[in-house]
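This report refers to the structure that appears directly beneath it.
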Amino acid sequence: MSRPLVTAGFLPLLDSVLLVLAHEMGFAAQEGFDLALNRETSWANIRDRAALGHFDIALMLAPMPIAASLGLSPLATPMVAPVMAGLGNNAITVSAALWSAMADAGAPGDLAAGPAGSALAQVVRTTGRKLRFGVVHQTSSHNYELRYWLAASGIRPDRDVEIVVLPPPLLPEALGSGGLDGYCVGEPWNSVGIVRHGARIATTKASIWQWSPDKVIGMRADWASRNPDLVSAIVRAIYRTGLWLQDQANRMSAAEIMARAPYLNLPVDIVSRALTGEIDGGVQRITIPDFFIPHDGAANFPWKSHALWYYSQMVRWGELPASSDQAAIAAATFRPDLYRAALDPLGVAYPDADYRKDGDHAARHATPARNGEIVLGPNRFFDGSIFDPDALDAYIASQKPDQA
Amino acid sequence: MPSPDLSILIIDENRIRASIIEEGLRDAGYSRVAVIHDVNEVGRTIQHSMPDVVFIDLENPKRDTLEHFFSLSRAIRRPIAMFVDRSDGAMIEKAVEAGVSAYVVDGLKKERVKPILDMAISRFNAFSRLTRELEEARSALEERKIIDQAKGILMKTRGLSEPDAYALLRSTAMNQNRRIIDIAQSLITAANLLGP
């Protein structure tokens, strides 16, 4: 009997590694299905073609299925995310000229978000023109991360700078031609900016918010409910792929696969940086073991509290009004229940709770789990704030005042 | 009836396709049609033409940029909706399959937009058909060259006439249930491996 075929959309980004390896390394086949991978040119295409059913599943920006479920996107279709495609993997890159101004203002070049942000704030105050930053999509982790970093550093994202949207592969070129002063994007497009255009990495997602979510495997809610077994198989395949890739010994073969023409079509030296955590920031080479986390610390577990954090940022930046109904829709988009149902047959450990606090642990820490022990990674925001999903309204209120 | 007062903006990096769509719209009686090839020009153009409908091809990676631009809505001072109507699933499906994405300014009556979108979809389809035919013609030419080369090898090594060489290729293909081009390709590969 032939295996069912799952069509999947992805963009040329390192975050698609779990999807690609599930196909290339046979983890999908092992779970009884085949993947047909379709490389797309824009996040809007991914979203629309997933909404229309051209793709069964897709690598999506974590806020994307939430926005679709909330009716923020054009073809608003309820979407779900039963499994995360790893944590981290983004950075904020700036032009050589902007970096030189930031260095003069005291940025140390160690990729830490705090000092880099303070230096940028000083540059923004003293530069005659508005600096322009690029992000990959409006409802993207990148947009919210960049804004979070700017705002916490004392820069008003909608007044002091300009933020524009460009697809990931076009960002380095836009920086090189002077159209942008900086951008927030997933790897390998930061490293490409370094190598091809002399850019510098100012800071990383891993420093702004440690072990934070970025991409999900998203799908239409009705497709998921019609195909429960397939959804379980997909979750298990992503889980197994993540487990395999968590092993540092497998990172270089993963980089070699991702470097190939159908995926990133880039030199393996550039592709391997985020996977091995050996980041060349353009100022110095720095080892960041947590730059990308494919599996560790329940990295594939879709915490409902993370969906709520993205919702809090949508409210913060005026994309929708705060309401408990909307918050409930956002939380319902992430489906830890589907994750657990899929993993039960494997007997592996998974978190007990659907929600957790973030920002309250500077080190690894255990969390209540089923089937053994789960150790989560550090989860601090660089400004020291704490996100408590039980105090969502207070969190949103605390972020409001005069930051836009 | 076409509404000649409607302003339409086409954004397509493929100039030929853009001109095919533009021509169709003009033929259909829409006179206010603007075409741009680069999303970066959209700001300036929108200030001039204040489009009621915007077409962009799905291959254009800057769709995200365009959506963001619209969502800021400073340029057009009106909110936009994508496609004709969110509820018109079949139409959206058709448009996306054809490779066209339409952004329609809110408040525009569906009846006025539908014929434009229909026209654009059929023109998009016609263009992809043309492209496909061109592609096929090109690959037919390639195949012809390969078969000629294989015939040449047979004529030289087996002393066959050209019709006999072709007949041998064809009967081998039939016996093995493969295409002539595949047989010809294998023959050339084998001949290269065996040397001059």
Side-chain angles (χ1 to χ4, degrees), chain A residues 9 11-13 38-55 61 64 67-68 71-77 132-140 142-143 158 162-171 173-174 177 179-180 183 185 189 220 222 314 317-320, chain B residues 11-14 38-44 46 53-75 78-106 108 110 113 117 121 124:
Chain A
L11 282 200
L13 281 168
N38 299 274
R39 186 167 71 180
E40 263 300 344
T41 50
S42 69
W43 284 116
N45 277 13
I46 293 267
R47 179 200 61 205
D48 294 342
R49 300 192 66 187
L52 292 174
H54 291 189
F55 300 146
L61 298 154
M64 193 172 259
L72 288 182
S73 38
L75 302 176
T77 311
R132 188 186 291 152
F133 288 88
V135 296
V136 301
H137 188 73
Q138 187 162 2
T139 52
S140 65
H142 314 73
N143 189 22
D158 287 317
E162 189 184 349
I163 298 176
V164 298
V165 171
L166 270 181
L170 299 189
L171 285 167
E173 200 191 321
S177 67
L180 294 177
Y183 56 76
V185 71
W189 303 108
R220 274 161 52 144
D222 64 339
M314 292 173 185
W317 305 115
E319 289 170 339
L320 81 169
Chain B
I11 305 167
D12 200 329
E13 282 173 353
N14 187 317
D38 187 344
V39 133
N40 294 337
E41 305 162 31
V42 86
R44 226 176 316 127
I46 277 185
V53 185
V54 179
F55 288 112
I56 185 167
D57 65 301
L58 288 186
E59 285 160 33
N60 194 320
K62 291 191 183 155
R63 271 192 70 201
D64 297 278
T65 308
L66 190 67
E67 283 190 14
H68 181 240
F69 185 78
F70 282 146
S71 81
L72 299 175
S73 76
R74 288 187 202 112
R78 279 179 287 180
I80 60 109
M82 205 173 84
F83 302 104
V84 180
D85 183 332
R86 284 179 187 186
S87 60
D88 194 345
M91 167 129 284
I92 295 168
E93 179 91 17
K94 247 169 50 189
V96 172
E97 255 160 23
V100 55
S101 185
Y103 299 80
V104 180
V105 174
D106 258 354
L108 201 55
K110 190 170 159 183
V113 185
L117 194 57
I121 291 170
F124 253 78

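The most heavy-atom pairs under 4.5 Å with chain B, out of A:L11, A:V136, A:T41, come from A:T41. Annotation: maximal heavy-atom pairing with chain B below 4.5 Å, among A:E319, A:E40, A:H54, A:R49, occurs at A:H54.
The pair A:R47-B:E67 counts as a salt bridge, with a side-chain nitrogen and a carboxylate oxygen less than 4.0 angstrom apart.
Looking at B:E97, the atoms closer than 4.5 Å to chain A (heavy atoms on both sides) sit in the backbone and in the side chain alike.
How far CD1 of A:I46 is from CZ of B:R63: 11.0 Å, rounded to the nearest 0.5 Å. The distance from the OG1 atom of B:T65 to the NE2 atom of A:H137 is 10.5 Å, given to the nearest 0.5 Å.
Considering every non-hydrogen atom in both A:I163 and B:H68, the closest pair reads O-CE1, 3.2 Å. For the residue pair A:N45 and B:L58, the shortest heavy atom distance occurs at ND2-O, 2.7 Å.
With contacts defined as side-chain heavy-atom distances shorter than 4.5 Å, the pair B:P61/A:L166 does not qualify.
Of the possible polar contacts, one joining the B:D64 side chain to the A:W43 backbone as a donor-acceptor pair under 3.5 Å is found.
Considering only residues two or more places apart in sequence or on other chains, A:E162 meets the salt bridge (Lys or Arg N to Asp or Glu O under 4.0 Å) condition with A:R132.
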